[in-house]
A.B. asks: 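Sharing a structure with you now.
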Amino acid sequence: MIVAGGAGIGIGQLGDDGDGDNGTSQEAEPEQDEVQQVLTASDVKIVDASTTLPEGTEASVHWSPSLGKAVIVTDGMPAAPDGHLYELWYQNGEGSMVRAGLMPEGEDNTVLLEGDGSDAKAVGITVEPAPHGSEEPTMPPVAFFALEDA
């Protein structure tokens with residue numbers, strides 16, 4: 001079973017939009033504010049992954065229905081296979097997967113999912129081709145977070 005992180009979660013590697021600046025632009029601070037809003041929302045729900053990630057990897061999604069936003073927190077996440085990266089997805093009410101951004105490299109991340117998660121039923125992580133990911137998942141999720149169970 002994957003264990004959710006608790007209070008004091010560090011915000012690392014936010015705002016990596018793949019342009020090589022690693023989020024050091026002015027965009028990083030507003031994103032950090034949004035992360036904090038989700039993590040401290042009065043209705044935040046924390047969901048652990050039903051996952052095939054290696055033992056010792058912790059992954060959780062912090063989801064605020066009122067904000068329509070989610071943050072994924074990983075600890076000890078192994079690197080994606082060569083030539084691949086981790087891509088994030090919202091699963092909507094129809095069961096379709098909607099792109100929600102890319103995970104930055106690194107074992108420990110706190111990442112705000114992109115887009116509107118208001119009607120999300122789940123969040124998934126897949127392994128996709130680098131450097132841009134895919135328009136739709138090409139592999140089954142390596143981690144899946146059912147928001148309806150939260």
Side-chain angles (χ1 to χ4, degrees), residues 1-6 9-25 27-28 30-32 34-39 44-65 67-150:
M1 177 177 194
I2 303 297
V3 179
I9 294 170
I11 299 177
Q13 299 188 18
L14 289 173
D16 185 356
D17 56 10
D19 65 3
D21 71 3
N22 292 327
T24 57
S25 67
E27 189 176 311
E31 188 169 324
Q32 288 178 357
E34 285 185 88
V35 166
Q36 285 303 317
Q37 287 174 353
V38 173
L39 295 176
V44 70
K45 299 172 188 285
I46 302 172
V47 184
D48 297 332
S50 168
T51 182
T52 58
L53 294 172
E55 188 174 331
T57 301
E58 296 179 9
S60 59
V61 166
H62 301 242
W63 178 59
S64 169
L67 296 174
K69 300 233 176 245
V71 171
I72 189 162
V73 179
T74 62
D75 183 20
M77 185 87 163
D82 284 344
H84 293 81
L85 48 71
Y86 292 115
E87 190 160 359
L88 304 170
W89 307 89
Y90 282 119
Q91 183 181 54
N92 64 24
E94 291 81 45
S96 298
M97 299 299 271
V98 178
R99 291 178 83 176
L102 303 174
M103 289 273 290
E105 290 183 23
E107 292 183 359
D108 306 333
N109 282 297
T110 300
V111 182
L112 178 70
L113 275 70
E114 298 171 7
D116 183 3
S118 297
D119 72 342
K121 302 301 180 201
V123 168
I125 304 172
T126 60
V127 175
E128 302 297 338
H132 304 293
S134 300
E135 291 298 317
E136 58 186 48
T138 61
M139 304 279 291
V142 295
F144 190 78
F145 307 82
L147 302 177
E148 294 177 319
D149 296 339

A.B. asks: Let me know which of V71, V38, L88, L147 forms a side-chain contact (heavy atoms from CB on, under 4.5 Å) with V61.
C.D. replies: L147

A.B. asks: Is the backbone N or O of G124 less than 3.5 Å from a side-chain atom of Q91, with the two atoms forming a donor-acceptor pair by type?
C.D. replies: no

A.B. asks: Does D108 use its side chain to pair, donor to acceptor, with the backbone of G76 at less than 3.5 Å?
C.D. replies: yes

A.B. asks: Could you give the distance from CE (M77) to CE (M103), rounded to the nearest 0.5 Å?
C.D. replies: 4.5 Å

A.B. asks: Find the distance between CD (E87) and CD (E136) and round it off to the nearest 0.5 Å.
C.D. replies: 10.5 Å

A.B. asks: To check you understand the geometry: which heavy-atom pair defines the closest contact between L53 and A59, and what is its length?
C.D. replies: CD1-CB, 4.2 Å

A.B. asks: Quick check: closest heavy atoms across P78 and T57, and the distance to 0.1 Å?
C.D. replies: CD-OG1, 3.6 Å

A.B. asks: Search all heavy atoms of A49 against all heavy atoms of A143 and return the closest pair with its distance.
C.D. replies: CB-CB, 4.0 Å

A.B. asks: Looking at T74 and N109, would you say the former's side chain and the latter's main chain have a donor-acceptor pair under 3.5 Å?
C.D. replies: yes

A.B. asks: Nearest 0.5 angstrom please: L85 CG to S134 OG, how far?
C.D. replies: 8.0 Å

A.B. asks: Measuring only between side-chain heavy atoms, which start at C-beta, is Y86 closer than 4.5 Å to V127?
C.D. replies: yes

A.B. asks: What's the shortest heavy-atom distance between L113 and W89, and which atoms?
C.D. replies: CD2-O, 4.3 Å

A.B. asks: Work out which heavy atom in P65 is nearest to a heavy atom in K45; give both atom names and the distance.
C.D. replies: CG-CE, 3.8 Å

A.B. asks: Does one side chain, of T126 or E128, offer a donor that lies under 3.5 Å from an acceptor on the other?
C.D. replies: yes

A.B. asks: Counting N and O atoms only, with roles assigned by atom type, does the side chain of D75 sit under 3.5 Å from a partner on the main chain of E58, one being a donor and the other an acceptor?
C.D. replies: no

A.B. asks: For residues H62 and S60, is any side-chain donor paired with an opposing acceptor at under 3.5 Å?
C.D. replies: yes

A.B. asks: Any carboxylate oxygen within less than 4.0 angstrom of a Lys/Arg side-chain nitrogen, looking at E114 and R99?
C.D. replies: no

A.B. asks: Considering all heavy atoms of both residues, which atom of G117 and which atom of W63 are nearest to each other, and what is their separation?
C.D. replies: O-NE1, 3.5 Å

A.B. asks: May I ask you to test the Y90-D119 pair for a side-chain heavy-atom distance under 4.5 Å?
C.D. replies: no

